[in-house]
Every structure is written in structure tokens, then in C-alpha cells.
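Reading through the C-alpha cells given below for one structure.
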Amino acid sequence: MPTTRTIKVLPTPADLFRAAAEEFQRVGREAIAARNRFTVALSGGSTPRSLYSLLAANYAGFDWSRTFLFFGDERHVPPGDAESNYRMVNESLLSKISIPAANVFRVKAENPDAAAAAADYEAQMQKFFALSPGQFPRFDLILLGLGPDGHTASLFPGSEGLKEQSNLVIANWVEKFKTHRVSFTFPVLNNGREVMFMASGPDKADMVQQVLEGKNTPPYPSQQVQPVNGDLVWMIDDAASKKLEKTLPHSS
Ligand code: 6PG
């Protein structure tokens with residue numbers, strides 16, 4: 001179970017992304033002070049784009065030179081593809097901050113062999129974190145989104161990747177999209193010091209309620225993210241919180 005579980009309800013999407021940016025900065029400063037580096041796994045999709053833009057616009061003074069950015073998942077497309085998470089992060093953040101290229105670890109998803117791309121990414125992580133066989137990396141912060149079907153990263157309901165307990169990164173076949181996606185596995189997600197979900201808008205309200213309050217068998221993938229020795233934070237806006245039975249006060 002997580003060390004702590006915090007659910008923050010922010011009035012508007014703008015408040016949500018501001019709070020998420022502040023949390024990113026807080027965790028980053030703490031990590032750099034304690035370990036002289038800040039390791040982050042970024043989430044993809046559309047929700048985090050606003051966070052990344054905010055970080056680029058308002059946090060230029062942040063110590064990007066000691067920040068190391070990874071991707072919690074990536075679509076099986078080249079980096080210039082409209083679907084690419086790398087492209088979204090590059091447009092919203094990387095192209096706007098001064099971060100050394102060596103601090104950004106991109107999934108080489110242009111490789112037609114998705115399993116080889118996953119294995120290459122796993123090797124990059126094992127090298128960076130100096131992992132022994134069987135060890136998992138401990139990211140200071142892992143950002144995650146919530147899919148309408150309860151998926152997170154690219155761990156989709158019913159997919160083989162849900163069962164992976166030894167590899168760090170897999171090429172997960174996603175039947176609904178008829179494609180592979182490269183994704184972190186649960187052992188990596190659940191080894192984070194802090195895991196922060198962001199969910200915004202009314203379309204996520206049903207799944208937010210299911211994941212935070214539902215007892216589902218099998219559990220939704222997002223429910224299986226339970227950091228074993230870390231903090232779990234949910235940042236949601238009012239619209240995404242609407243179906244929660246337990247009303248929560250607005251966070252500042
Ligand atoms: C991806 C993400 C995925 C995303 C959810 C929510 O590559 O798409 O990793 O897990 O977080 O699908 O996506 P939205 O933010 O677009 O709703």
C-alpha cells in the first residue's frame with residue numbers, strides 16, 4: 001500500500017495544472033537537495049500537455065540540469081508522429097527549456113520491432129540507475145494519466161502487460177488500437193517515491209469514482225498503481241470529481 005494517499009480536488013483545470021506544477025517543483029527541489037538529481041517519468045496523452053507548458057513558461061529557474069526525464073509509455077510511432085508522446089513533450093516542454101539532451105531518455109519507438117524498442121529502453125534505464133538484475137528503478141516522481149477505460153501508462157484492461165512482474169519495460173499489445181505500445185510495468189510504477197495521477201474534465205468522472213472508490217474485480221489497471229514505499233497523489237479538477245460519493249474539500 002502507498003505510504004500516503006492524497007486526493008486533491010482543484011476548482012478548475014487551470015488550478016489543477018498549477019497545483020501539479022507546484023508539486024513537480026516541490027518534489028524536484030527535494031530530490032536534488034537530497035540526492036543531487038531529480039528523476040521523472042512523464043505521462044503522455046493530452047492531459048499533461050498543459051502541465052508541461054506551465055513548467056516551460058513559469059519554471060525557467062528550475063534546475064533542469066539535474067533533472068532527468070523518462071517516458072512512462074510511448075506509442076509505437078516515430079518521434080515526429082502526431083501520436084508520439086515524445087513529440088507532445090518536445091513541443092510543450094523540451095523545446096522551451098534549457099535541459100541537456102543527455103538528460104532526456106526517449107523511447108526509440110520508430111523501431112518497427114516494438115519488443116526491441118522496449119528492450120532498448122529497459123537497457124537505458126538499467127544503465128542510468130545502475131541496476132543489478134532483478135532490481136527496479138526508483139523514480140522520484142512518476143506522472144500518470146487515467147484512461148476512460150481505467151488504463152494508465154499503456155497498461156490496458158485485459159492486456160498481457162498487466163501480468164509482467166520482472167521486466168521494467170514491455171511492448172504491450174493493445175487490442176482496441178490493434179497496436180503495440182511501449183510501457184513501464186507495474187513493478188516500476190509501484191516503486192516510485194511519488195506517483196501523481198492527473199485527471200481533468202467530466203469525461204473522467206465515472207472512472208475517477210470507480211478507481212478511487214470502487215471495488216472492482218479485476219481491479220482497473222489504474223487501481224493497481226499502489227506504490228509499495230511511496231506516496232500516491234491524485235490531482236483532479238472539480239469536473240472529474242463529480243461522481244465521487246465522498247465529497248472532498250477543494251485544495252488550495
Ligand atoms: C498515453 C498515456 C495514457 C494517458 C491516458 C489519458 O500514452 O496516452 O500514457 O495512459 O495518460 O490515456 O489520456 P488523456 O490525458 O489524453 O485523457
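Order of appearance sets the numbers: ligands from 1, and atoms from 1 within every ligand. All residue numbers in this chain count up from 1 along the given sequence.
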Please tabulate protein-ligand N/O pairs under 3.5 Å for ligand 1, atom names and distances to 0.1 Å.
residue, atom, partner, partner atom, Å
ligand 1, 7 (O), Asp73, OD2, 2.9
ligand 1, 7 (O), Arg75, NE, 2.9
ligand 1, 7 (O), Asn85, ND2, 2.9
ligand 1, 8 (O), Arg75, NH2, 2.6
ligand 1, 9 (O), Asp73, OD1, 2.7
ligand 1, 9 (O), Asp73, OD2, 2.9
ligand 1, 10 (O), His151, NE2, 3.4
ligand 1, 10 (O), Ala153, N, 3.2
ligand 1, 10 (O), Ala153, O, 2.6
ligand 1, 12 (O), His151, NE2, 2.7
ligand 1, 15 (O), Ser46, N, 3.4
ligand 1, 15 (O), Thr47, N, 2.9
ligand 1, 15 (O), Thr47, OG1, 2.6
ligand 1, 16 (O), Ser46, N, 2.8
ligand 1, 16 (O), Ser46, OG, 2.6
ligand 1, 17 (O), Lys204, NZ, 2.6

May I ask you to check whether Asp73 and Ser183 show a side-chain donor-acceptor distance below 3.5 Å?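 Side chains of Asp73 and Ser183: no pair found under 3.5 Å.
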Any donor-acceptor N or O pair under 3.5 Å, side chains Asp231, Thr4: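 Side chains of Asp231 and Thr4: pair found under 3.5 Å.
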State whether the side chain of Tyr86 and the backbone N or O of Gly80 hold a donor-acceptor pair below 3.5 Å, judged by distance alone.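 Judged by distance alone, no pair lies under 3.5 Å.
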Ring centres under 6.0 Å, that's the criterion: do Phe136 and Phe129 meet it?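 That pair fails the under 6.0 Å test.
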Assess the pair Phe62 and Phe24: is the distance between their ring centroids shorter than 6.0 Å?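 Yes; Phe24 has its ring centre under 6.0 Å from that of Phe62.
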Taking the basic N atoms (NZ, or NE/NH1/NH2) and the acidic carboxylate oxygens, is any pair closer than 4.0 Å for Arg106 and Glu74?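 No.
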